[in-house]
Amino acid sequence: MSHVQKEANKHKPWIEAEYQGIIMENDNTVLLNPPLFALDKDAPLRYAGEICGFRIHGAGVPFEAVILDKATGEGLIRAKEPVDCEAHKEHTFTIQAYDCGEGPDGANTKKSHKATVHVRVNDVNEFAPVFVEKLYRVAVTEGKLYDRILRVEAIDGDCSPQYSQICYYEILTPNIPFLIDNDGNIENTEKLQYSGDRLYRFTVTAYDCGKKRASDDAEVEIQVKPTCKPSWQGWNKRIEYTPGAGSLALFPSIHLETCDEPLWNIQATVELQTNHVAKGCDRDNYSEKSLRKLCGAASGEIDLLPVPSPTANWTARLSVHYSQDSSLIYWFNGSQAAQVPVMNGLHAHEGLSDHFTLSVWMKHAVVPSKGRREEETVICSTVQSEDGYSHYSLAVHGCRIAFLYWPLLESARPVKFLWKLEQVCDDEWHHYALNLEFPTVTLYVDGVSYDPALIHDNGLIHPPRQEPSLMIGACWTEEKNKEKIKGNENSTDTVQGDPLLIHHYFHGYLAGFTVRPGSLESREVIECLYACREGLDYSDFDSLGKGMKVHVNPSQSLLTLEGDDVETFNHAIQHVAYMNSLRFATPGVRPLRLTTAVKCFSEESCVSIPDVEGYVVVLQPDAPQILLRGTAHFAHTASDFEAPDGVPLFPNLQITCSISHQVEAKKDENWHGTVTDTRMSDEIVHNLDGCEISLVGDDLDPEREYLLLDGAALQQRGLELVNTSAYLTITGVESIAVYEEILRQVSYHINHGAALYERKFHLSCTEMNGRYSSNEFTVEMNVLHNMNRAAHPNHILSSQQFIHRGHHLPPELSGHSLASTHNNAMVPSAATIIIVVCVGFLALMVILGILRIHSLHRRGMGQEVPGAAAGGHTSTGSKDSDMFWDDSALTIIVNPMEVRSNDRNLGPPGLPDPSPYDMSHLHSPTRAARRGQQKTVREELIRTWRKMMTALTRRHPTPQTAMTWTTDTSLAKVTALTAIRSFKTPVQWIPKNIWLEGGGVLL
């Protein structure tokens, strides 16, 4: 029996391969297409031909399958729980049928294949539309009809397109000049006037496609504004820039007022005009040579347009101009050129034919022409090398610049490199540097590199003659043209030495034209030398909005912005900045212009934005204060000056540089002004580019004196030295420490036996090509002439004997630094010795005269004749006694510390001075005897003084020379000064530094 049943269940149940089902959100039965039926070929056998059920496969399927009739295999799919269209619109799973097996126990059950079931949940319009905002506000300008003032929006939570879409909107408030379309756009039906209703309020509702109305209506407020003028708002015409401030935003609060005109494209151009500052823009203020040293450029460049001189006369016929930085500019008028002679030795340099760097400042003058523009040659050269002749030329043609290179005239073919640049034809200054390392050619314009846009193989052109030649401002040709060649109409063949036809003249300005043969300038050096230090800047690229584009031209003078959203555009233009990297920027005005072009959705009502014009004012930078300090007054012996190294002029020179700036006082202080804060600018690198030592008075006499400085050491540092009889200059950029070291080595030398006594020198230094100067530091040097102390032991007193212990030097010697090479005090000079001897002799004669008068007075008192006073006669013995001199031992005390406060005040200190020879203060018995003594002393003094001055002037006939004698004793200085002045009027000038023993003052 069992064997029969096993044979009976031979087939698997069968169902469709795929079913499509629909279920409503408010129902749980799935309507399938086709209906769910399972068939079995074992039917009508019991169990084996019956369908016992269905199984659903899939994780988280919210459906189940039930069998309705086992015999027919009919089934049903139903939801286990309510389904939500908004949560899941569709469900996909698999289903499988199985039979009842071979008996009631379900043994040997067979399963059908798996069928795929797709169930779509049908939506029910259960949600009402909801507005995104409860209140809509907008402001419009009067007098215009708008296509759209604003748009209201409502959404529906249903999942089906029928119930989830908003089919139409409706304005519920009657009698208002507005319409709303099915998309929620509100427009006005008539022009609104600011003089009428200034505010409109109305209610709007929405319906979905199931005609279900919004649960809550929306409110709309439209404000009418007066007529608007589209323009840029919130900008300042004057923008002040402080040097060293880095980047400064030009329009920090600017915004574009479009008067609610919808725009879909905005383009703005910010233009900074710097062509009036130096050569096109603000660059380093150093000279070309100093700047090359600062940037690390190698030496070896050759100046092709030097200053006209007997050795470089090919620039003599050119028109010369000077730029703001004092550099030489040559003007080429389109009919003249400069032929550089080959004898100059330029072509003897290696590498000039195959690898070199051309560097030139050029301002191409664009001349309007109706016909085709002719090529203008900047430089044209044929060079002879070991391999043969090579040829190259640099020319401009319209807005193109071309470089023609012919490696070998005998065999190679010429190659032309072309660049199309707007800088060539903008009539502004630009720097061009061309590096040739064939076959590579790189052009730098204002420090920015450009690759050739086009390379031509010009193999068909006629080769130039094989003869070394170099021309600037034009080129030559081998072609014959009778109209152009004057004086050679009958010549037909070109041979060596024939005059060349000059053509392709250049029209414009050239300056700083150099060539560096054998090596190339690096990109870093070229950028450092010639890049602009000021320009427009934009650094906020990280926050640049979507759809915004920013472009800055290579010279940083033109910045362009483009976008489609007004708010994003406002944010972008607020970050446009001006930047000047120079610490000491060139002050002045930089004009600024903002040009705007917009595109509107409606071309008829599109607005136009007026230009914005302003200017950037670069303020005067804080000037660096260069201070020179050191010993300003000192003296040395003549032997020191006669030494091979001389005497250093600035042995302890100190150079400092500081910056002064004004700062406001604190608010809590009583002082409301400003105070000056001087700080050492150590954080700023300072360099000097020149120092000059000049003389005060006559120039140096080369036969007797000169300044010493090692020129070879300066050349190793890249500095130049000019040493003349009138001045000594050191030029070249270097640090302050280097200039200090060099200036301390400058020494003053005099030849042996030269009668020189005093010299004054001025020292001043500059930086930044002479833009800033230091103070004028003055040094005075005195030459002390010495004598052998052993030759005159009885007439020379050391300086220590003249200076009393505890006293100080007089003011007239307080500025001197006295150098001594001996352990004892310095021996006075010969002139001083003469003065001291004369004064001593004078003092001796005065004392002897006084003693003689005193002796006569004693005898007269003892032998007075009666009646002599009444008769007015004296005895004969008194007359005879006039010849008697008492030469008893005398003591002369000289006071060296008495200081002459006024040369014309000849009286003793503290006493009245009615007469320079008032003797009323001397000790005498009677007034008559005192008058006699005064007369005798005066006569003796005058005679002695004249003798002394006669001897003095025979040795030193010039009073000015004698006045320069200097020693370390006040007696000698005051006496010498008095002696020279008394030479003209000896009666009015008598030394007052002589004291008698016992405290009596002689004068």
Side-chain angles (χ1 to χ4, degrees), residues 279 287-289 301-349 352 358-367 369 373-383 391-397 401 404 424 427 429-432 434 464-465 467-479 481-489 491 494 496-517:
K279 291 189 179 73
S287 63
E288 184 82 11
K289 186 174 183 180
E301 70 277 0
I302 303 171
D303 193 357
L304 299 180
L305 291 177
V307 179
S309 65
T311 58
N313 58 359
W314 60 87
T315 59
R317 296 184 179 181
L318 299 177
S319 178
V320 178
H321 302 268
Y322 289 91
S323 65
Q324 295 182 4
D325 57 0
S326 301
S327 60
L328 207 59
I329 296 175
Y330 291 97
W331 162 249
F332 291 82
N333 59 9
S335 61
Q336 59 182 165
Q339 178 76 40
V340 182
V342 181
M343 64 184 67
N344 191 343
L346 174 65
H347 296 78
H349 293 270
L352 189 57
L358 285 174
S359 177
V360 62
W361 285 99
M362 182 175 69
K363 182 179 180 181
H364 182 212
V366 180
V367 180
S369 177
R373 293 180 179 177
E374 185 180 351
E375 188 177 79
E376 303 175 39
T377 303
V378 179
I379 183 174
C380 186
S381 176
T382 299
V383 183
H391 178 82
Y392 67 87
S393 66
L394 183 68
V396 294
H397 192 185
I401 187 167
L404 175 67
V424 179
D427 198 21
W429 276 107
H430 298 283
H431 183 269
Y432 300 84
L434 187 139
R465 68 170 61 180
E467 180 181 349
S469 182
L470 175 61
M471 184 173 291
I472 299 175
C475 196
W476 62 91
T477 180
E478 304 296 335
E479 300 176 358
N481 190 331
K482 295 182 179 180
E483 296 180 358
K484 294 184 178 180
I485 303 179
K486 296 182 179 180
N488 293 323
E489 290 82 355
S491 61
T494 302
Q496 290 292 102
D498 282 351
L500 298 175
L501 170 62
I502 308 301
H503 66 164
H504 295 168
Y505 286 97
F506 177 74
H507 192 269
Y509 296 93
L510 296 178
F513 206 159
T514 62
V515 60
R516 182 183 176 190

* Where do Tyr509 and Ile329 land on the side-chain contact (heavy atoms from CB on, under 4.5 Å) test, with the steps shown first? -> CA-CA 7 Å; Tyr509 296 93; Ile329 296 175; 3.6 Å; yes
Qualifying residues under side-chain contact (heavy atoms from CB on, under 4.5 Å), relative to [X], sequence neighbours excluded:
| X | result |
| --- | --- |
| Val424 | His364, Val396, Ile401, Leu421, Tyr432 |
| Tyr505 | Ala337, Ala474, Ile502 |
| Thr514 | Glu301, Asp303, Ser359 |
| Asn333 | Trp331, Ser335, Gln336 |

Closest non-hydrogen atom pair, [X] against [Y]:
| X | Y | result |
| --- | --- | --- |
| Cys475 | Met471 | N-SD, 4.0 Å |
| Ile472 | Phe332 | O-CE2, 3.7 Å |
| Phe506 | Thr377 | CB-O, 3.2 Å |
| Ser381 | Leu470 | CB-CD1, 3.4 Å |

Would you check if [X] and [Y] make a side-chain contact, meaning some heavy-atom pair closer than 4.5 Å?
| X | Y | answer |
| --- | --- | --- |
| Leu328 | Val307 | yes |
| Arg516 | Ile302 | no |
| Glu376 | His504 | no |
| Val378 | Met362 | yes |

* Under 3.5 Å, side chain of Tyr330 to main-chain N/O of Pro306, donor-acceptor pair present? -> yes
* Asked: Is there a donor-acceptor pair closer than 3.5 Å between any side-chain N or O of Ser309 and the backbone N or O of Ala312?
  ->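 Yes; judged by distance alone, with no hydrogens or angles, the pair exists.
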* To do: For His391, enumerate each residue passing the side-chain hydrogen bond (donor to acceptor under 3.5 Å, both in side chains) test, keeping only those at least two apart in sequence or located in another chain.
  =>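 Partners of His391 under the side-chain hydrogen bond (donor to acceptor under 3.5 Å, both in side chains) test: Thr382.
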* Apply side-chain hydrogen bond (donor to acceptor under 3.5 Å, both in side chains) to Gln339 and list each qualifying residue two or more places apart in sequence or on a separate chain. => Ser469
* Passes side-chain contact (heavy atoms from CB on, under 4.5 Å), His430 versus Trp361? Steps please. -> CA-CA 6 Å; His430 298 283; Trp361 285 99; 5.9 Å; no
* Roughly how far, to the nearest 0.5 Å, is CG of Leu304 from CG of Leu358? ->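 CG of Leu304 is found 7.5 Å from CG of Leu358.
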